Amino acid sequence: MTDKSVINYNIYDDHQLLSFIAKDDDLAFDEIYERYWSKLYAYAYNRIRIKEICEEIIQDVFVSLWSNRHILVLSAPLSTYLYTAVNTRS
């Protein structure tokens, strides 16, 4: 069994990370979160301009991603999915 704490997740692309989170890999999820949080926040803030609402939207998007990790099948890149999710919530 591999010790997840020594895996360097930033070497994996989004598709690979999604396959890891589908297997309940919370560290892969953390990598996606770190990779996209600030970008999604900036995108939401550019639209809404209210810090607290933007933070809630981004939190909701990531909670949804984790909650749906076992059934999520994307036909577009993860970034497109995430930006669309922010867009529909704002």
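In this text the structure is predicted, and so the values were computed from the model without any measurement.
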### Message
Quick one: does any side-chain atom of S90 pair with a main-chain N or O of V86 as donor and acceptor, under 3.5 Å?
### Response
yes
### Query
At what distance, to the nearest 0.5 angstrom, does CD of E34 lie from CG of L27?
11.5 Å
### Message
Looking only at the side chains, is there a donor atom on one of S64 and D60 sitting less than 3.5 Å from an acceptor on the other?
### Response
no
### Message
Run L18 and L65 through side-chain contact (heavy atoms from CB on, under 4.5 Å) and show every step you take.
### Response
CA-CA 10 Å; L18 283 173; L65 177 64; 4.2 Å; yes
#### Entry: Side-chain donor or acceptor of E55 paired with backbone N/O of E52 under 3.5 Å
no
### Message
Measuring from atom CG of L17 to atom CZ of F29, what distance do you get when rounded to the nearest 0.5 angstrom?
### Response
11.5 Å
### Query
Roughly how far apart are I48 CD1 and E56 CD, rounded to 0.5 Å?
10.0 Å
### Task
Indicate yes or no: at least one non-hydrogen side-chain atom of Y45 is less than 4.5 angstrom from one of I50.
no
### Query
I32 and I11: same hydrophobic cluster, using ILVMFWY side-chain contacts below 4.5 Å?
yes
### Task
Report the C-alpha separation of I7 and Y12 in whole Å, then their side-chain angles, then the decisive distance to 0.1 Å, and conclude whether the side-chain contact (heavy atoms from CB on, under 4.5 Å) test is met.
CA-CA 10 Å; I7 297 173; Y12 295 105; 3.8 Å; yes
### Gap separating the OH atom of Y43 from the CD1 atom of I58, nearest 0.5 angstrom
10.0 Å
### Task
Write down the atom of R89, the atom of I57, and the distance for their closest heavy-atom approach.
O-CD1, 3.7 Å
### Query
Using a distance-only test with no angle check, is there a side-chain donor-acceptor pair under 3.5 angstrom linking R47 and N87?
yes
### Task
Rounded to the nearest 0.5 Å, what's the gap from CG on L40 to CG on L82? Could you check?
5.5 Å
### Task
Starting at CG of N10, measure out to CD of E31 and round the result to the nearest 0.5 Å.
5.0 Å
### Task
Please report the shortest heavy-atom distance between Y41 and K51, naming the atom on each side.
OH-CG, 3.3 Å
### K39 NZ/CZ over Y36 ring centroid, <6.0 Å and within 45° of normal
yes
### Task
Keeping the roles fixed (side chain from D25, backbone from A28), state whether a donor-acceptor pair exists under 3.5 Å.
yes
### Message
Please verify the inter-ring angle class for W37 with Y33; under 30° counts as parallel, over 60° as perpendicular, anything in between as tilted.
### Response
tilted
